[in-house]
Student: 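Provided herewith is a single structure, encoded as structure tokens, for subsequent inquiry.
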There are 2 protein chains.
Amino acid sequence: MTVTLADVAARARVSPATVSRVLNGNYPVAASTRERVLRAVDDLDYVLNGPASSLAAATSDLVGILVNDIADPFFGIMAGAAQTQIGGPGDGSGRAGGEKLAVICNTGGSPERELTYLTLLQRQRAAAVVLTGGAVEYPDHQAAMAAKLAKMADAGTRIVFCGRPPLPEGDALVAALAFDNRGGGRRLTEHLISLGHRRIGYVAGPPERTTTRHRLEGHREALRGAGLGAEDGDEERLTVHGPYDRRSGYEATLEILRRDPTVTAVVAANDTVALGACAAVRDQGLRIPQDISVAGFDDLPFSVDAVPALTTVRLPLFEAGARAGRLAMGKENPPPGGIATIAAELMIRGSTTPPRVG
Amino acid sequence: MTVTLADVAARARVSPATVSRVLNGNYPVAASTRERVLRAVDDLDYVLNGPASSLAAATSDLVGILVNDIADPFFGIMAGAAQTQIGGPGDGSGRAGGEKLAVICNTGGSPERELTYLTLLQRQRAAAVVLTGGAVEYPDHQAAMAAKLAKMADAGTRIVFCGRPPLPEGDALVAALAFDNRGGGRRLTEHLISLGHRRIGYVAGPPERTTTRHRLEGHREALRGAGLGAEDGDEERLTVHGPYDRRSGYEATLEILRRDPTVTAVVAANDTVALGACAAVRDQGLRIPQDISVAGFDDLPFSVDAVPALTTVRLPLFEAGARAGRLAMGKENPPPGGIATIAAELMIRGSTTPPRVG
DNA sequence: ACAGCCGTAGCAAGCGCTTTCTATACGAGA
DNA sequence: TCTCGTATAGAAAGCGCTTGCTACGGCTGT
């Protein structure tokens, strides 16, 4: 029922080998022959059998993109950008360089699913894998990831990290694009301090993620640099952890306000969390920024539309995703040392001002 | 170098056939044998060769999810929801029902890419395909899609539409979950009319998409139901089309305000566009909702956090996505007639009030 | 004019797995 | 005790494609 290479070959009166070569275009075929084959392909409406092809060639055209939460634009933007460099036509080059199937896999932030997807991708002999976003820092999981990735790299799969620090035992088998979360976090809090804030609440992400830790470390660096926090236990007291979602921002902010009603600013782990924080501040009858300044991280598209517009740290998500995509395709050389740090830019907007005196 | 089924078989002292059967679990194997095989698999760190398996079995465990723009939470939410029902473990059932690889393909709204992804999926002999969001209504493209989908369905691929109307020649080979965009659009505008608005601007999406058309039709139904718009040419004059993004909302709103400074309300094609509309209104020195009411569509997570909170039409994106995922897996029976319409719920919030008199 | 090349095309051997059909070894019923 | 059904395992034939190697003309160089 289904049309096979052999059918095409018969119709074009050539051998299957020739048809294969025409289709793959990596072997000299006379123009007249090629044309005949192409016509046959068209006439018969032939569609290559992917599995058979992958089996014979021992490679596939699948590229996996792992994300923690695809409903979050943070990941959506990176994944979409990566895909522009990988998938289908419209990548500018008009099918040159090879039609790969870029697929996005949503781990939901679960270490098990992350590993499972990697196995599935390994099964498919994926050409490359892009891992986006923060990693979970459980030693067991990290070891398992390292082992699996090493095995995949061995089998010829290109591994690219995007917005995630390289694994501890980061062999040269990967290229990594890491965001400067620590530096961004530091500058953001420094900004607040320079405005005159002294009691700053921090709504952190889940403690086990690298992103959370780095941003928090940056925050505390700034605090200590100004001689704040460390000695009087504020650091711990004014930090509340939670998932990277709006609700967590809302509740954590309420909690911070309860613990210390004198805070004059709240820094959120990311913009989505910041939105929740804003809602909480308002529900307490406080104004932003007059009573409390609020800041986020990432500079997602909606942040500029918040009222007041959100002060945040801009991460070039699209550019990073696109670069990761190019690395995955081997269109771009890996950065020296395999790892590049991507700068974060402070975006000062209306949601932060000096605190009211008294 | 790579471990194959035969290696496992040798180590377990059984035939390859037995190993295959243990792994697939669809044939009686003695417990002791199974255990021996499983141990060998473990010892050797064996990973199934997906392409080989798919080739031999003539099916694959790939499920494709096509989206127009993965950076948009509208699609992210649906895709993520669908994936929870399809991919990896954590789908509740603990690997029962079959570990499928749910992959998200980002078409960027381009008809060609849509078709290309379908071909790629067809190559891979995908088990199912979920198409989300509005479709482009170019006759040629629709015909091509219908032909391709029919062929895929013939080859055993399950086809599910999610938030998209079925194709004109919608054979029974698909299941479709369609949002009630027309009804939602109608009720939203009726709400505005009931508040007393008479001159209502409409920022529409790209004209060629079904979603755009249906929402706009609903809007106009409401207008006409109230005896507005049709006769005096307002319908056309107060409607501006553009892509589904913030910028378009901003610019279109400026244009509407220019065309008729007396409009008292602006309805946007979706929430993202509405955010842009809000920004434009503010930049004109007007207040929301006192001077101008603004409404969106979709009720994305950030909409409740807009200031004032956005009046919009809630679409159960997560539920619809999950249901589509289940349909794709054959875990749920298709709705009677193959098509189900999903209700839209009007969410009245702070961004809409009666217009100022005079 | 003849050997040797180059440009093309075909042959055939797999790639690693699934599955049908067959074989074997039991225990059970007669 | 003999035959037969049942449970379990193996043999082997592909699945559709890629690719190393061989074959075959016609051209070039001497």
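Being a predicted model, the structure only gives us computed values, none of them experimental. Chain identifiers are assigned alphabetically (A, B, ...) following the order of the sequence lines, protein sequences preceding nucleic acid strands; residue numbering begins at 1 within each chain.
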Student: Just checking B:Val19: base, sugar-phosphate only, or nothing, at a heavy-atom cut-off of under 4.0 Å?
Tutor: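 Since no nucleic acid heavy atom lies under 4.0 Å of B:Val19, the category is nothing.
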
Student: Have a look at B:Ser54 and say if it touches a base, only the backbone sugar-phosphate, or nothing, with a 4.0 Å heavy-atom cut-off.
Tutor: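 No contact.
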
Student: Is there a donor and acceptor pair, one atom on the side chain of B:Tyr27 and one on the base of D:dA7, closer than 3.5 Å?
Tutor: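 No such pair is found, so the answer is no.
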
Student: In whole angstroms, how far is the C1' atom of C:dG14 from the CG atom of A:Leu5?
Tutor: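 Result: 15 Å.
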
Student: Closer than 4.0 Å, any side-chain N/O of B:Thr4 to the OP1 or OP2 of C:dG16?
Tutor: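 For C:dG16, OP1/OP2 do not have a side-chain N/O of B:Thr4 under 4.0 Å.
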
Student: Quick check: any donor-acceptor pair below 3.5 Å linking the side-chain of B:Arg21 to the base of C:dT20?
Tutor: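 For B:Arg21, whose side chain was compared with the base of C:dT20, there is a donor-acceptor pair (under 3.5 Å).
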
Student: Consider the side chain of B:Asn49, meaning its heavy atoms from C-beta on, and name the nucleotide among D:dA9, C:dC17, C:dA9 that approaches it most closely.
Tutor: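 Side chain of B:Asn49 sits closest to C:dC17.
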
Student: What nucleotide, of C:dC17, C:dA9, D:dA9, holds the atom closest to the side chain of B:Thr18?
Tutor: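 Shortest atom-to-atom distance from the side chain points to D:dA9.
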
Student: Could you check which of C:dT18, C:dA9, D:dT19 has an atom nearest any side-chain atom of B:Ala57?
Tutor: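 For the B:Ala57 side chain, the nearest candidate turns out to be C:dT18.
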
Student: Whole angstrom is fine here: how far is it from CG in A:Asn24 over to C1' in D:dG16?
Tutor: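 Answer to the nearest Å: 13 Å.
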
Student: To the nearest Å, how far apart are A:Glu35 CD and C:dA9 P?
Tutor: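 That distance rounds to 13 Å.
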
Student: Are A:Tyr117 and A:Leu115 close enough that some pair of their side-chain heavy atoms sits under 4.5 Å apart?
Tutor: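 Not in contact.
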
Student: Is it true that A:Gln122 and A:Lys151 share a donor-acceptor pair across their side chains at a distance under 3.5 Å?
Tutor: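 Per modelled atom types, A:Lys151 and A:Gln122 side chains form no pair under 3.5 Å.
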
Student: Looking only at the side chain of B:Thr2 (C-beta and beyond, no hydrogens), which of the listed nucleotides C:dG16, D:dT18, C:dT18 gets closest?
Tutor: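 Side chain of B:Thr2 sits closest to C:dG16.
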
Student: By nearest heavy atom, map A:Leu55 and B:Ala56 onto DNA chain C; which one lands nearer the 5' end?
Tutor: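 First, find each residue's nearest nucleotide; the 5'-ward one identifies A:Leu55.
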
Student: Give a yes-or-no answer on whether the side chains of B:Thr116 and B:Thr119 include a donor-acceptor pair shorter than 3.5 Å.
Tutor: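 Result is no, nothing qualifies.
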
Student: How many whole angstroms separate atom CG of B:Leu23 from atom P of C:dT19?
Tutor: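 It works out to 13 Å between those atoms.
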
Student: Less than 4.0 angstrom between a side-chain N/O of B:Ser20 and OP1 or OP2 of C:dT18, yes or no?
Tutor: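 Answer is yes, contact under 4.0 Å.
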
Student: To the nearest Å, how far apart are A:Gln124 CD and C:dC17 P?
Tutor: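 In whole Å, C:dC17 P and A:Gln124 CD are 13 Å from each other.
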
Student: Identify which nucleotide among C:dG10, C:dT18, C:dC17 has an atom closest to any side-chain atom of A:Ala17, counting heavy atoms from C-beta outward.
Tutor: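 Shortest atom-to-atom distance from the side chain points to C:dG10.
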
Student: Both A:Ser53 and B:Ala30 contact DNA chain D. Which one's nearest nucleotide lies toward the 5' end?
Tutor: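 The answer here is B:Ala30.
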
Student: Can you give me the closest heavy-atom contact between B:Ala9 and B:Pro16, atom names plus distance?
Tutor: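 Nearest heavy atoms, B:Ala9 then B:Pro16: CB-N, 3.6 Å.
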
Student: To the nearest angstrom, how far is B:Asp7 atom CG from C:dC17 atom C1'?
Tutor: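 Taking atom C1' of C:dC17 as the reference, CG of B:Asp7 is at 13 Å.
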
Student: Is it true that B:Thr107 and B:Ser110 share a donor-acceptor pair across their side chains at a distance under 3.5 Å?
Tutor: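 No, no side-chain donor-acceptor contact under 3.5 Å.
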
Student: What's the CG-P distance between B:Asn26 and C:dC17, to the nearest Å?
Tutor: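 After rounding, the reported distance stands at 15 Å.
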
Student: Taking CZ from A:Arg36 and P from C:dT8, how many angstroms apart are they, rounded to a whole number?
Tutor: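 Interatomic distance, CZ of A:Arg36 to P of C:dT8: 14 Å.
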
